[in-house]
Amino acid sequence: MKIEQAIVLRNEQIAHGIWRMSLVAPDVASAYVGPGQFISLLTDDSWDHLVRRPMSIAKINEDEVDIIYKIFGDVTDHFTKKCPGDSMNILGPLGNVFTDYNSEFAEPILIGGGVGLAPILNLYDACEKAVMIIGARSADEHFLNHKPDNSVYLTTDDGTAGIEGNVLTALKNMNLSENTILFACGPEPMLIAIQNYADEYNIRAQLSVESYMGCGVGLCQGCVIERQNGQVMKHSYHEKYSLVCLDGPVYECDEIIFG
Amino acid sequence: MKIEQAIVLRNEQIAHGIWRMSLVAPDVASAYVGPGQFISLLTDDSWDHLVRRPMSIAKINEDEVDIIYKIFGDVTDHFTKKCPGDSMNILGPLGNVFTDYNSEFAEPILIGGGVGLAPILNLYDACEKAVMIIGARSADEHFLNHKPDNSVYLTTDDGTAGIEGNVLTALKNMNLSENTILFACGPEPMLIAIQNYADEYNIRAQLSVESYMGCGVGLCQGCVIERQNGQVMKHSYHEKYSLVCLDGPVYECDEIIFG
Amino acid sequence: MADLSIKIGHTTFKNPIFVASGTFGYGTDNPELVDVSNIGAIVTKSITLNPREGNPPPRIVETPSGMINSIGLANIGVEKYISELLPIYEVMDTPIIMNIAGSSITEYIDVMKKVEAVSSNIVGYEINISCPNVKEGGMEFGVDCEMTEKLTRELRNFTDRLLIMKLSPNVTDITAIAKSSENGGADAVSAINTVVGMSIDHKTKKSNIYTTYGGLSGPAIKPVGLACVHKVFNAVKIPIIGIGGMVSSHDVIEYILAGSCAVQIGTANYRDPGIAEKILNDLNDYLDEQNLNSITSLIGAVKTYV
Amino acid sequence: MADLSIKIGHTTFKNPIFVASGTFGYGTDNPELVDVSNIGAIVTKSITLNPREGNPPPRIVETPSGMINSIGLANIGVEKYISELLPIYEVMDTPIIMNIAGSSITEYIDVMKKVEAVSSNIVGYEINISCPNVKEGGMEFGVDCEMTEKLTRELRNFTDRLLIMKLSPNVTDITAIAKSSENGGADAVSAINTVVGMSIDHKTKKSNIYTTYGGLSGPAIKPVGLACVHKVFNAVKIPIIGIGGMVSSHDVIEYILAGSCAVQIGTANYRDPGIAEKILNDLNDYLDEQNLNSITSLIGAVKTYV
Ligand SMILES: Cc1cc2nc3c(=O)[nH]c(=O)nc-3n(C[C@H](O)[C@H](O)[C@H](O)COP(=O)(O)OP(=O)(O)OC[C@H]3O[C@@H](n4cnc5c(N)ncnc54)[C@H](O)[C@@H]3O)c2cc1C
Ligand SMILES: Cc1cc2nc3c(=O)[nH]c(=O)nc-3n(C[C@H](O)[C@H](O)[C@H](O)COP(=O)(O)OP(=O)(O)OC[C@H]3O[C@@H](n4cnc5c(N)ncnc54)[C@H](O)[C@@H]3O)c2cc1C
Ligand SMILES: Cc1cc2nc3c(=O)[nH]c(=O)nc-3n(C[C@H](O)[C@H](O)[C@H](O)COP(=O)(O)O)c2cc1C
Ligand SMILES: Cc1cc2nc3c(=O)[nH]c(=O)nc-3n(C[C@H](O)[C@H](O)[C@H](O)COP(=O)(O)O)c2cc1C
Ligand code: FES
Ligand code: FES
């Protein structure tokens with residue numbers, strides 16, 4: 001875990017309201033463990049917005065770290081103003097990683113919804129083979145192509161690209177085996193649907209979840225999510241909750257309860 | 001008085017710690033009355049620094065407004081980051097003006113200390129003829145040349161440029177007549193010295209003063225300076241004080257008492 | 001277009017965006033930057049029985065996302081208010097709420113009686129029992145339930161116009177003071193006045209404010225104001241006018257959700273004297289987008305977990 | 001190089017830069033980003049008699065130049081503190097101040113007695129009588145002079161180590177509570193804990209904090225903390241540990257000038273867990289530049305006008 005003044009290499013809009021930023025961040029990149037990890041960013045020295053903003057790592061390439069972000073509020077809006085050569089204060093890499101995606105027999109299906117696709121893309125790069133489903137509301141929010149032959153499926157709520165429907169629509173049309181593992185990141189309703197689906201069909205699923213983070217490093221106890229199945233307590237001070245910043249953001253789907 | 005998104009045309013360091021910014025601000029420029037007036041600036045939309053920063057107008061040229069500023073704290077530091085094409089939210093023109101500098105027989109001596117030279121330069125441009133004295137601590141804070149033949153005198157505390165000493169040193173060596181009017185802007189100790197000098201030798205002097213401003217437009221009653229000589233109350237709610245933002249920043253030297 | 005009008009007591013305002021006392025002068029300046037006839041109401045700078053020179057400078061300093069002031073209730077006094085301002089208000093389109101400060105019950109009453117004795121179109125009074133910067137700022141009332149109730153009851157006797165008590169956040173329990181205001185017969189309470197704060201210049205080692213302590217305002221105190229409004233909303237039945245750190249229509253919506261039926265824009269006016277008008281337009285757009293006819297359904301409608 | 005050491009009661013600290021309770025965990029994490037041996041003291045997260053799960057999320061939200069939290073005193077309980085942490089503290093170079101919270105005088109005493117019963121090298125206790133987020137946060141003590149004095153006096157009986165009472169800003173008169181702490185026998189007071197605040201999401205109309213109200217911290221409250229410290233400095237003789245919104249050595253100097261003999265860095269740690277060390281270095285440079293041998297001459301040295 002490092003704090004670093006990263007240098008912006010590229011910062012471009014890649015779809016409607018969605019941007020990709022490449023940062024030169026040798027310290028953070030060299031401490032990187034694997035897909036699922038995230039970094040936490042500041043726009044500048046101002047204490048107006050004092051809390052860092054967590055963003056999943058979308059790609060690591062030598063000393064480059066990429067994020068994919070959506071304009072949500074003030075800070076992500078500021079991100080879009082950054083030009084090549086500007087610096088960004090980042091903390092990372094943070095959090096745990098997806099597991100077993102390349103283990104023998106594993107048949108990974110990767111599911112990304114909205115900007116939840118950032119860690120999913122990163123995971124896709126790391127997978128020896130995988131099916132990937134990416135959902136969005138409409139075609140203009142997609143920047144990948146629907147390529148069923150390459151096992152890349154897009155969905156749109158309005159049918160303007162790929163499969164009409166949501167990622168669950170696509171998932172339900174796939175042949176799942178006992179070796180299937182789902183890896184998902186996206187809005188909470190999507191994750192809940194996948195949690196229910198995995199439970200019903202008894203499929204293993206790893207979910208990358210979000211939570212409001214004060215520090216990203218275990219100091220504030222702000223980022224809790226409720227546990228289930230009496231998993232051992234790790235970093236939170238009580239077994240009822242888990243710290244998403246340290247124990248997560250990736251959980252087996254039967255480890256947690258959404259609020 | 002206008003609020004305008006001005007566009008930065010130039011923004012350059014002109015001496016040690018001193019910058020000059022040219023803004024395209026047609027609305028403000030067209031409402032301009034004369035030397036002595038100021039504008040009040042924000043760096044950006046952030047409410048972290050919510051109070052505007054007042055800066056004297058150093059030059060007006062058609063729709064261009066220039067300021068000369070010193071890096072003092074956070075906001076002036078942010079000013080230096082502005083590039084041509086960036087915008088600045090400005091309010092102005094504000095305040096009153098120097099008077100009688102071009103009246104018959106008037107022999108104006110203009111005195112600027114530190115960044116107090118901004119309104120003095122503006123006044124110099126407007127004067128048909130004038131002597132000008134500009135003081136600084138040392139040569140690297142000057143960006144003009146010592147030209148006694150043109151009646152432009154520089155002073156430095158350390159003697160590295162122009163006359164060694166302060167602006168009073170230079171002033172005391174000049175021939176003053178009953179038609180002399182001093183026009184001064186600079187640090188408070190300098191203004192007090194000029195006030196005393198003018199009083200002693202019974203010379204007329206107009207001083208441009210500073211005061212912490214909350215609004216610049218008479219709403220907050222924050223920017224008061226004590227009056228003397230029972231001048232009529234103008235905008236402040238009580239005759240004891242005057243509002244620098246509306247009644248000032250230019251005062252006859254016997255109108256005010258420094259704190 | 002939504003109907004933005006709101007009612008406090010028996011007075012109807014064309015919209016809920018007011019400007020706060022001390023941040024808009026007497027409402028008679030700045031014609032260029034703002035069309036005051038669009039503002040819901042102007043609460044004028046606190047008036048005392050006698051004119052006050054206010055505190056010596058420095059009176060103002062910026063702090064993170066806020067500012068501290070210690071103006072010290074500089075004002076022209078009630079006589080001039082009556083002779084110079086009331087005639088102007090007569091011909092203005094904007095409702096005027098007169099803010100009164102005093103150091104004794106008699107002083108508050110004397111001011112009010114003088115104004116009630118002449119004809120005027122002001123719609124009501126906001127009683128400042130919460131100015132932290134001067135001994136005479138009424139703070140001994142604002143922190144004491146009995147005094148607050150007594151003052152309210154006395155003033156109630158002298159006016160049928162709106163009577164609004166302005167509450168201080170610098171107390172252990174703001175709801176107690178709100179209840180005392182209600183019991184005393186106030187039509188509404190407004191909350192909050194500024195939060196006590198201090199600022200020091202580390203370079204000069206000097207206090208940045210002449211009176212050492214001053215009143216903190218601006219976005220920094222928005223969370224404090226929201227908490228106060230929400231607590232008071234759950235404690236009294238009379239309407240609440242929310243104040244504290246609002247700079248946008250989003251902030252205003254938050255204050256309404258917390259329980260305000262109207263709001264006052266304060267410090268934000270210093271950055272842009274026309275901001276209240278802009279906020280009003282944005283609020284209008286918001287209601288249209290949300291297909292709401294009025295803000296009524298939003299008042300106190302915040303969804304809490306517990 | 002200046003001598004940064006300071007003395008509180010009979011305890012000497014190598015420097016005045018502490019980290020605040022709840023913002024640095026139990027001081028046993030984050031070895032990578034900070035060398036904790038440079039920190040003046042670590043005040044550990046509030047400990048209660050029994051482990052506490054804390055409040056449900058959302059527990060945290062950003063506000064202008066600040067944040068609100070409602071962690072709800074989640075903690076491992078005193079038993080685990082004794083069995084798991086005290087042994088680690090034994091071998092750590094940094095002085096540990098244990099922060100205790102409770103809902104009754106007996107609970108505070110029980111926690112302290114358990115710790116006093118075992119051997120440990122903790123240097124003292126900070127007593128949290130000011131947590132605004134939970135019923136059991138001790139706020140009934142923190143707002144009441146008699147209770148504060150009684151609690152302090154009782155605890156004083158059980159320890160010779162440093163006894164520090166942590167004061168709340170959410171009271172009408174913080175100096176009264178400070179005096180009660182002094183009368184009860186506290187070695188020092190620390191001020192301030194968080195300011196009560198609320199945050200609403202205007203889009204979802206939901207409270208951003210599960211418990212509706214939470215504690216505001218960060219630069220936004222620096223003026224409030226400075227005012228509290230300065231007032232308390234003028235009211236009591238015991239040392240004051242300043243807390244609230246510090247993010248730089250300049251802020252620390254301001255707090256010292258206001259009357260603090262040491263300070264605690266809180267929320268700033270979340271941005272940069274190494275910030276206390278950086279502030280310490282900057283403070284050192286400042287003293288050197290100013291040719292000062294120690295901070296002693298700066299304590300309470302703010303020049304006020306009145
Ligand atoms: C582990 C993790 C990974 C994430 N990865 C991505 C990603 O790859 N791409 C992406 O676009 N977004 C990602 N997010 C969400 C991202 O952090 C928020 O969109 C961002 O913080 C919004 O900031 P803002 O100032 O623009 O919006 P704001 O106006 O501050 O807030 C809008 C919403 O953003 C969320 N948010 C704000 N601050 C935080 C915070 N400190 N911690 C968590 N959530 C916050 C809240 O839900 C809030 O309601 C991730 C969040 C987490 C926890
Ligand atoms: C009428 C007038 C004209 C001025 N003209 C110039 C000019 O031409 N060039 C120039 O460099 N400076 C000028 N100043 C001073 C300038 O406003 C301050 O240097 C600037 O505000 C500093 O801001 P900061 O954030 O960089 O520093 P900060 O860290 O905020 O403050 C440093 C000092 O700047 C002063 N200051 C800060 N905010 C204000 C404010 N709102 N109003 C008044 N003073 C403030 C205070 O003395 C403060 O102690 C003028 C001031 C006034 C009142
Ligand atoms: C410079 C200044 C002067 C003020 N004067 C008064 C006053 O005379 N009477 C009063 O009741 N409130 C006064 N206030 C308080 C405001 O009306 C308001 O309650 C407070 O500033 C909080 O709102 P804000 O954060 O939007 O500014 C003043 C505030 C400021 C900043
Ligand atoms: C997330 C969080 C948790 C906190 N937990 C505690 C606590 O357990 N006990 C306590 O006495 N203070 C607690 N505090 C208060 C801090 O110790 C400190 O008093 C306050 O945050 C003000 O300082 P700051 O502005 O530097 O953060 C907590 C603060 C935060 C932000
Ligand atoms: S974000 Fe602070 S503990 Fe997880
Ligand atoms: S700066 Fe507000 S009245 Fe002059």
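Throughout, a chain's letter reflects where its sequence line sits, starting with A, and its residues are numbered from 1.
Of all non-hydrogen atoms in L33(D) and M1(A), the two that sit nearest each other are CD1-SD, 3.4 Å.
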For residues 82-92 of chain A, tabulate all N or O donor-acceptor pairs below 3.5 Å that involve a side-chain atom, not counting sequence neighbours.
| unit_1 | atom_1 | unit_2 | atom_2 | d |
| --- | --- | --- | --- | --- |
| K82(A) | NZ | T43(A) | O | 2.9 |
| K82(A) | NZ | S87(A) | O | 3.0 |
| D86(A) | OD2 | C83(A) | N | 2.8 |
| S87(A) | OG | Q5(A) | NE2 | 3.0 |
| N89(A) | OD1 | R52(A) | NH1 | 3.1 |
| N89(A) | OD1 | R52(A) | NH2 | 2.7 |
| N89(A) | ND2 | Q5(A) | OE1 | 3.1 |

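To the nearest 0.5 Å, atoms CG (N69(D)) and CD (Q221(A)) are separated by 11.0 Å. To the nearest 0.5 Å, the span separating NE2 on H49(A) from OG1 on T63(D) amounts to 10.5 Å. Rounding to the nearest 0.5 Å gives a distance of 3.5 Å between CG of D272(D) and CD1 of I3(A).
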Show your reasoning for whether side chain to side chain contact (heavy atoms under 4.5 Å, CB included) applies to K80(D) and Y237(A).
CA-CA 10 Å; K80(D) 271 210 178 138; Y237(A) 300 157; over 6 Å; no
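F258(A) CZ: more than 12 foreign heavy atoms inside a 6.0 Å radius. The number of heavy-atom neighbours closer than 6.0 Å to CG of D45(A), taken from other residues, nucleotides and ligands shown, is 12 or below.
When each of L50(A), D74(A), V224(A) is scored by its heavy-atom pairs under 4.5 Å with chain D, the top score falls to L50(A). Interface remark: of the candidates P58(D), G77(D), P219(D), P219(D) forms the most heavy-atom pairs closer than 4.5 Å to chain A.
A donor-acceptor pair is defined here as one N or O able to donate and one able to accept, closer than 3.5 Å; such a pair exists between the side chain of E62(D) and the backbone of V51(A).
In this structure, I60(D) and C220(A) have side chains that are in contact, with non-hydrogen atoms separated by less than 4.5 Å. Looking at Y241(A) and R59(D), their side chains come closer than 4.5 Å, going by heavy atoms from C-beta outward.
Residue S46(A) touches chain D through its backbone alone, counting heavy-atom pairs closer than 4.5 Å. Contacts between A268(D) and chain A at a heavy-atom distance below 4.5 Å involve backbone atoms as well as side-chain atoms.
With respect to the salt-bridge test (charged N to carboxylate O, under 4.0 angstrom), the residues E53(D) and R227(A) do not qualify.
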